[in-house]
Amino acid sequence: MVVAPAEARGDMTVRYLISGSVQGVGFRWFVARHARSLDVTGYAHNLADGRVEVVVCAADPARLERLEALLRAGPANARVEQVEREEVADESSVPSRSFDIR
């Protein structure tokens, strides 16, 4: 089965950088659970500077808005201080069928 690139499917790809107490508190697992339930693809990744990077791709902007609201809240043990958002033109590194924890 051939999967068309996200751009060809009309999907939107967004990169979030989440700052605060977001590592070691289950943040990536929280994101993965909600991303999968919202049927968006992408990944969550701890950065060396203490932030978490989340890259997501979805055809429905409402799903991205819902996930962004969840990122801003975070899991119970996290303390989210800032969420930076940028649209991504090159989605070649985003998984086309799953949401991964890296």
Side-chain angles (χ1 to χ4, degrees):
M1 175 181 194
V2 176
V3 177
E7 194 171 85
R9 294 188 312 261
D11 291 358
M12 174 188 263
T13 303
V14 178
R15 177 180 185 233
Y16 297 97
L17 295 174
I18 301 96
S19 305
S21 295
V22 293
Q23 290 190 12
V25 294
F27 197 93
R28 292 176 300 153
W29 298 98
F30 169 86
V31 174
R33 182 177 74 244
H34 289 292
R36 290 171 185 149
S37 74
L38 290 167
D39 199 27
V40 300
T41 62
Y43 62 88
H45 172 72
N46 282 345
L47 299 176
D49 64 6
R51 296 180 298 172
V52 172
E53 174 187 46
V54 176
V55 178
V56 293
C57 185
D60 181 0
R63 292 176 191 224
L64 293 176
E65 290 173 21
R66 178 68 183 131
L67 185 62
E68 184 173 336
L70 290 162
L71 294 176
R72 292 183 183 284
N77 293 328
R79 192 181 81 248
V80 176
E81 294 176 1
Q82 182 177 11
V83 177
E84 299 173 54
R85 174 192 167 124
E86 70 174 305
E87 290 189 25
V88 177
D90 176 21
E91 72 288 327
S92 61
S93 67
V94 180
S96 62
R97 296 185 183 173
S98 64
F99 191 90
D100 301 330
I101 295 174
R102 295 184 177 173

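Heads up: numbering here begins at 1 and tracks the sequence. From a predicted model like this one, the values you see are computed outputs, not experimental measurements.
Remark: Arg79 engages Glu81 in a salt bridge, criterion side-chain N to carboxylate O under 4.0 Å. Of the charged side-chain nitrogens involved, none lies within less than 4.0 Å of a carboxylate oxygen, so that Glu84 and Arg15 do not count as a salt-bridged pair.
In the model, Glu53 has no side-chain atom that pairs as donor or acceptor with a side-chain atom of Tyr16 under 3.5 Å.
Grouping the Ile, Leu, Val, Met, Phe, Trp and Tyr side chains by contacts below 4.5 angstrom, directly or via other members, places Phe30 with Leu38. Hydrophobic clustering of Ile, Leu, Val, Met, Phe, Trp and Tyr side chains at less than 4.5 Å, counting indirect connections, keeps Leu17 apart from Leu70.
Figure legend: cation-pi geometry between Arg102 and Tyr43, with NZ or CZ positioned under 6.0 Å from the six-membered ring centre and within 45° of its axis.
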task = Show your working on side chain to side chain contact (heavy atoms under 4.5 Å, CB included) between Val56 and Leu64 and close with a plain yes or no.
result = CA-CA 8 Å; Val56 293; Leu64 293 176; 3.3 Å; yes
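Looking at Gln23 and Val52, their side chains come closer than 4.5 Å, going by heavy atoms from C-beta outward. A 4.5 Å side-chain heavy-atom check between Leu71 and Phe27 finds at least one atom pair inside the cut-off. In this structure, the side chains of Val80 and Val22 come closer than 4.5 Å at one or more pairs of heavy atoms. Residues Asp39 and Phe99 have side chains not in contact (no heavy-atom distance under 4.5 Å, counting atoms from C-beta outward). Within the 4.5 Å cutoff, the side chain of Val55 has no heavy atoms near those of the Val14 side chain. Contact check for Ile18 versus Gln82: no side-chain heavy atoms found under the 4.5 Å cut-off.
Rounding to the nearest 0.5 Å gives a distance of 10.5 Å between CZ of Arg51 and NE2 of His45. To the nearest 0.5 Å, the span separating CG on Asp60 from CD on Glu65 amounts to 8.5 Å. Note that OG1 of Thr41 and CG of Asp100 are 9.0 Å apart. Values are rounded to the nearest 0.5 Å. The line from CZ of Arg63 to SG of Cys57 is 12.0 Å long, rounded to the nearest 0.5 Å. With rounding to the nearest 0.5 Å, the separation of OG in Ser21 from CG in Asn77 is 10.0 Å.
Summarising the geometry of Ala35 relative to Leu67, their closest heavy-atom pair is N-CD1, 4.1 Å, with the distance given to 0.1 Å.
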